[in-house]
Each structure stands twice: as C-alpha cells, then as structure tokens.
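Let me begin by presenting the structure, written as structure tokens, before commenting on it.
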Amino acid sequence: MRTRVSAHQVTPDYIAKYTEAYRRLRSLPSSDPRAYMMQANVHCAFCDNAYDENGTAVDYQVHNSWFFFPWHRWYLYFHERILASLIGDDTFALPFWNWDAPGGYTIPPMFDNPNSTLYDTKRNPLHRNPKVVDLDYSFSESNRTPQQQLQVNNSVMYRQMVTAAKTPSLFFGQSYRQGDSPGPGAGTVENTPHGTVHVWTGNPSNPNDEDMGTLYSAARDPIFFAHHGNVDRLWSIWKTLGGRRTDLTDSDYLQATFEFYDENKNLVRVKIADALQTENLRYNYQNVDIPWVRRTTTRSAVATTFSGPGGGPSPAMAGPLKEKIKEKYRDFKKGLKEFKADLKDKMAGRKLEKTLKALVKRPRKVKAADFDEEILVIEGVQVACDEKVKFDVYINLVDVDEDKVGNDVAEYAGSFVNVPHTAMKMAETKKGLTDSRIRKSNFRLGIGDVLADLDIEDDDDFAVTIVPRGKPNIPVSIDDIRLEYE
Ligand code: C2O
C-alpha cells in the first residue's frame, strides 16, 4: 500500500524524489505518450491534441457528470505510476493539497518555489504564500480575515460534502450514458470547491485564466495533481460520512471504461468498477483532521438582524424571536412569484443577470430526518463554456444585502461553478447541440438540512434567492426551478 500524504507535511526526502520525477517527466521527448504535455493534453478530452497526438478516441466529456470522480481517479493513478517508474521507486505516491483544512490552506510550499520542477509561472501572483485559499472564490479578492476565511471554507465544505450531498447522485453528478449530451450536471464537490480552487489558482491576467483556471491547460500545472488528489480523497471521505453515502451501483456506470497510457507506454483500458476502492489501486490517504465535518456555522442571517452579529444559532430560535422571523418569511414570500422561464425563447431560458428571487411550492413535505432527500433542482442552467461562472443559492434569505452575505449563514444552500473550457468539438449526440459553446446542465442541491435549520420544514413553500457572482452580465440562464425527491 502506498500512502498519499498532505503536500504540506512532506519530508525533504520526499520533495527531492518528487521534483526529480518531475524533472525526468519534463525531459521526456514530446513523442513519448508519458510526456508531461501529452498527459496534460489527455485531460482536455475534446482538445484536438488529445485526438491527433494520442490517437485515443475519447468520445465523451469527463467533467460535469458521474464520470468526474472515477475518470480523475484513474488519471491520477497512471500519472503516479509514471512518476514512480521514472525514478524507479515503486513506493512513490502523489501528495494531496489539503485545502479543506487550515494546515493546508496555502499553495503547498514545494509548488511555490520558482526553482522547482513543480513550479508553474501561470498562477495568480496574488495567491502565492502565505495567501489563504478561498474555497468560495468569486473571481475577486474577498478581503476576509484568515479567521473569517476559515469560517467560510468550513461552511462551503460542510454544505457540499455533508448537507447538500446526502445521496449518490447529488455527490457524483448526473448520469451520462452513450448518446447523451455531454456534461449533464456536476455533483456538489465538482462545482465547488473543485471549481473554485481551479479558478483561484490560475492567473486572471491570462486570456483564459491559464493554467489552472481553464480545463485545457489545467494539468500543465503540477499542482493540478495535488488538487485532484484532494478531490479524490474527498470521494473516500464522503463514503465514511454515513447515511446513504455509498458508491453508485448503476451498471452503465460501473462497466464504463477509459483508456490511458501506463508507465510502460502501453495503452490500457480500465473500468470504473475497479476504481471504487483506492485499496484496489494499492493506495490510501494519510489520515488528517477534517474540521468542516463538525457543524460550526449555522447562524441564520435574519436571526442576526434581531440579535446582533453572532446572534443565536437558528435551531435554538425560540419563542418571540422565532415568531418575528416567521413573520419576516411570510412578508417576504408574499411579494414573490413562482419561477417562469421565457417560453417564447425556450433555448434561452431566463437570463440570470442579477439576483433572482422566486417562490418554490412544495408538493409534499419531507422531514430532513427521513431517508428521503428533498432536492432543489435548478434546471437547464446554460452557460458559455469558456466563461467562469459562479452563482450562490440561498433559501429564505430576507433582510440582508445579497452582495455582502457570505456562505457561512444557515440560509446558504450551495454554489454552482463553471470552470472555463475552450469551446469543445462536440461529438454527435442523439439530442444534438446547436451551439458547442453552450453548456446546459442541471444543478441539484440537497436542501433537507437547510430547511430544518431554518425551521421551515413544515412550510408549504419557501423563497429561493440566486445570486450571480463575479463579473456582471455573464450570460447565464435557467429554464426552471423545481423540487425532486430521492
Ligand atoms: Cu478535469 Cu479539475 O478538472
């Protein structure tokens, strides 16, 4: 068994090995299928390079669907095997960038050394050490104190791993079978923090936020593999969190295969079913603290307006305060209508140019305690795939400034993120796509816990607030907002 360790905790010996492996990797001739650029190009499944130079007919997109976790697991596996064989050390394992815990919040120092083979010049210069990573990165500097950032980071992790992803489809993403349009919808973690860390790391001064900020170049930065080491680790951790958190069992998923070049330059075909347990691939992860798993931030924003900053955690709201809040909710909902897309132009959906508020009627009531998850579906989210896009979703967000509210409040339900990728060559699909620049997917969030925290699980309806972040007027549109039960 090889143990992948936190990139912040590696020994000088390890760093020496790893940088030497990268030196050798970078000096392989470009015709070698193991070469650094060849591997980086494999990541961009629809890039011309991946076809022409590798000859691997990858006929699907590995992002924004249930392929995300297993494809990247295999991708890292072969990357690791290639590095190990280049230094003749079978025990070599990749590190993981532990950005979900305070001890791993910065760019790991070994990647931030300009003299190292692990360094990449195409990163955001503002985010070098000792800058703390912003898992809620909205494409500009947040000016939070490190303490506030910790709160926000924990809150994002808690939502995406614990409350919003209680079922396999919520965590892994939408099913994607032969003939389907690519990218039907990402799981919670693929959206954020996976997406936010990509964009946070890349350089916004480059045309497409290269390297990490766009998929075609992301894997040119060695830190990509440490970033994905952590994403891969979260898959393992998620399965230990209980409830319905288990691997998908659909046979179309389990039997799906991918092709990669191995350390002997052989093209090999691997199956998802063989990658569910890291132990089958002979690696595991160092056990480190997971601070976000303990619920820390359930303060309700509206409760704060009555009781001052830091005022009462929502479940404890009692008596008169609770009544006042219920009244606020009622008044707020009175002014709202259910969501309606512009039906004249179905393809265009409804533009999300500014904050959108809508009433969501609940067809039936479900207690969060039941093993039956209530899922908010933002349907038909269309984005230009080469734009960085983020929007945050809140429930019953009343009396606060949406531009200022963070994601460390009880009303926060989750975030959608599009990591830019350059316009892809779309494969022919049964459903067909008219414009290859447009990505259309569903965004799904488990909201049972949010409703319970706000003490509105018995209400007949609630208000949803969708706040686009980043540059104004990025074209995003949605077709519908509805509920699903799973
Ligand atoms: Cu293949 Cu982080 O994306």
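In listed order, ligands and their atoms are each counted from 1.
Atom 2 (Cu) of ligand 1 has no N, O or S atom of H72 under 2.8 Å away, backbone or side chain.
With respect to F260, the ring-ring contact (aromatic ring centres under 6.0 Å, His included) criterion is satisfied by exactly one of Y77, W71, W74: W71.
If you look at H63 and ask which of its N, O or S atoms sits nearest atom 1 (Cu) of ligand 1, the answer is NE2.
A cation-pi arrangement, defined by a distance under 6.0 Å to the six-membered ring centre and an angle within 45 degrees of its axis, is absent between R4 and F96.
With atom 2 (Cu) of ligand 1 at the apex, H194 NE2 and H198 NE2 define an angle of roughly 90° (rounded to 10 degrees).
Salt bridge status for D89 with R2: absent, with no side-chain N to carboxylate O gap under 4.0 Å.
When every heavy atom of N153 is checked against every heavy atom of L135, the shortest pair comes out as OD1-N, 3.0 Å.
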